[in-house]
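Heads up, the thing below is written out as structure tokens.
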Amino acid sequence: VDTSGARVEAGSSISDLTYRNYDGPLKTRFVRWWVVAQSGLRQTWGQGWFYMLAGLPLIRFLLVGFQMYIISQIGSDLPNYLGEPEGQRFALQFWSVLCGETNSMLLLIIALVAGGGSIAADNRANALLVYFSKPIGKIDYLVGKWMSIFITLLGVTLFPTALLYVYSLISYREEGFLTTEPWLGPHLLLAALVPAVLHSSLIVGISAWSKSPRIVAAIYTSLFILSWSLAVYLGNILCNGNPEMQNLIQHCSLRGLIIGIDQNILHVIVPNFTWPRRLESTVEIPKLWPLLTIAGTLVVGSLAAAWVKIRAVEVIQG
């Protein structure tokens, strides 16, 4: 029976053709991932206490800005470790905040909160059945989950970086801020992308293979901290007589990759970060292509691992 109440015989055409007059919005497959990303962003940013956590990196940047203000008021140059303020005067300040221990640990915690249960919680609640019962494919689901973590990490990093950059632009414009380091703004954008991409990819890959966000958090935290410590000590033990190779090995960890790649992007030579600390010595810029190769392998491998594991139903073999 059609909508008008008339009887329609089997095999005849549909009498009600009003659906042909629909002129509402038509969304392509390209934006389906955004539905998944919105769900993850609402779950993360919908909790009031998360704003306090996300505001901690801003406090670190504000402290650096206040330090720069005090130094400018007393008439001293900004601290640098090379004696080359014209080339690194401001870039080194931004690098010290972006890659410092405090900001690194804060980004780790935010990544765990935003991404630890991104897929693991769905695995535990069998939510994949709900997602894939709709016109959402694996690629839409994976991209949406990754983007929800990436947007969160990029936002909490880029916002305070932009504020400090604007403050430096206004305060030090007459001191050659734009003339000595004209490409600092785009370089800071690239530097902020590095931890966001690495954290998002790795934590999505681990979360896809678990049903417990706590286990994901424990594994990722251990991987982040232990890989850093292991790389530093292996570099000191295995390549003590080869500074270039020692420097490269010490960057072969999650945090070391972020430090080394951002060091190349901002092109700064930094104080020695090994233990025991020797502030009078510096760490040369490591070669970029090995770091990019390792980072790219980790990103692609993690996303591939998540792709393999994401299923609407559990496949039993044997």
Side-chain angles (χ1 to χ4, degrees), residues 24-47 50 54 107-159 189-213 215-217 219-220 223-224 254 257-258 261 265 292-315:
L26 296 176
K27 296 183 178 180
T28 64
R29 182 185 181 89
F30 176 75
V31 297
R32 292 180 184 176
W33 62 268
W34 180 239
V35 177
V36 182
Q38 279 183 315
S39 176
L41 290 172
R42 281 195 299 264
Q43 186 175 1
T44 301
W45 291 92
Q47 307 178 54
F50 184 77
L107 283 183
L108 172 63
I109 296 173
I110 293 173
L112 294 176
V113 173
S118 58
I119 301 180
D122 289 346
N123 290 336
R124 183 175 59 185
N126 291 326
L128 294 180
L129 293 172
V130 178
Y131 276 110
F132 294 147
S133 65
K134 302 176 181 180
I136 293 178
K138 288 178 63 173
I139 187 65
D140 305 315
Y141 178 82
L142 181 58
V143 171
K145 290 294 183 180
W146 186 89
M147 286 296 296
S148 66
I149 308 170
F150 172 78
I151 292 173
T152 297
L153 292 175
L154 184 62
V156 299
T157 302
L158 197 57
F159 178 71
L189 176 59
L190 292 177
L193 289 172
V194 174
V197 171
L198 275 174
H199 281 305
S200 302
S201 303
L202 292 172
I203 205 164
V204 160
I206 297 175
S207 182
W209 286 79
S210 177
K211 292 184 178 181
S212 173
I215 294 179
V216 175
I219 293 175
Y220 194 64
L223 182 64
F224 186 86
L254 297 181
L257 289 172
I258 296 173
I261 296 175
I265 293 174
L292 289 180
T293 301
I294 297 173
T297 302
L298 290 175
V299 169
V300 174
S302 299
L303 295 178
W307 174 269
V308 170
K309 189 61 178 178
I310 294 174
R311 303 189 188 97
V313 296
E314 186 68 25
V315 179

### Query
Hey, do the aromatic rings of Phe224 and His199 have their centres closer than 6.0 Å?
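Under 6.0 Å, so yes.
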
Return the minimal non-hydrogen interatomic distance between [X] and [Y], and the atom names on each side.
{"X": "Ala114", "Y": "Thr152", "answer": "CB-CG2, 4.2 Å"}
{"X": "Leu158", "Y": "Ala192", "answer": "CD1-CB, 4.0 Å"}
{"X": "Ala208", "Y": "Ile119", "answer": "CA-CG2, 3.6 Å"}
{"X": "Ser210", "Y": "Asn123", "answer": "O-ND2, 3.0 Å"}
{"X": "Trp45", "Y": "Ala54", "answer": "CH2-CB, 3.8 Å"}
{"X": "Ile206", "Y": "Leu223", "answer": "CD1-CD2, 4.4 Å"}

Would you give the length of the straight line joining atom [atom1] of [X] to atom [atom2] of [Y], rounded to the nearest 0.5 angstrom?
{"X": "Leu193", "Y": "Ile261", "atom1": "CG", "atom2": "CD1", "answer": "11.5 Å"}
{"X": "Leu112", "Y": "Ile149", "atom1": "CG", "atom2": "CD1", "answer": "10.0 Å"}
{"X": "Ile203", "Y": "Ile219", "atom1": "CD1", "atom2": "CD1", "answer": "10.5 Å"}

### Message
Quick check against the 3.5 Å criterion: does Ser207 have a side-chain atom that pairs as donor or acceptor with the backbone of Ala120?
### Response
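Confirmed, Ser207 side chain pairs with Ala120 backbone.
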
### Task
Kindly say whether Arg32 contributes a backbone atom to a donor-acceptor pair with the side chain of Asp140 at under 3.5 angstrom?
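Checked: no pair found.
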
### Task
Might you work through the side-chain contact (heavy atoms from CB on, under 4.5 Å) test for Tyr131 and Ser39, ending with a clear yes or no?
CA-CA 11 Å; Tyr131 276 110; Ser39 176; 3.6 Å; yes

### Task
Report the C-alpha distance between Val299 and Leu202 in whole Å, list the side-chain angles of each, state the deciding distance to 0.1 Å, and finish with yes or no for side-chain contact (heavy atoms from CB on, under 4.5 Å).
CA-CA 6 Å; Val299 169; Leu202 292 172; over 6 Å; no

### Query
In chain order, what residues pass the side chain to side chain contact (heavy atoms under 4.5 Å, CB included) check against Val143, with sequence neighbours excluded?
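Partners of Val143 under the side chain to side chain contact (heavy atoms under 4.5 Å, CB included) test: Trp33, Ile139, Met147.
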
I want to check something: taking the side chain as every heavy atom from C-beta on, are [X] and [Y] in contact at a cut-off of under 4.5 Å?
{"X": "Ile310", "Y": "Leu142", "value": "yes"}
{"X": "Trp209", "Y": "Val216", "value": "no"}
{"X": "Leu153", "Y": "Ser200", "value": "yes"}

### Task
Can you tell me which residue pairs pass the salt bridge (charged side-chain N to carboxylate O under 4.0 Å, His left out) test with a partner in residues 119-131, sequence neighbours excluded?
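For residues 119-131, and leaving out neighbouring residues, the salt bridge (charged side-chain N to carboxylate O under 4.0 Å, His left out) pairs sorted by first residue read Asp122-Lys145.
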
### Stepwise side-chain contact (heavy atoms from CB on, under 4.5 Å) test for Leu298 and Leu257
CA-CA 11 Å; Leu298 290 175; Leu257 289 172; 3.7 Å; yes

#### Entry: Flag if over 12 foreign heavy atoms under 6.0 Å of CZ, Phe159
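12 or below, so no.
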
### Criterion side-chain contact (heavy atoms from CB on, under 4.5 Å) on Leu41 and Trp34, from CA distance to verdict
CA-CA 10 Å; Leu41 290 172; Trp34 180 239; 4.0 Å; yes

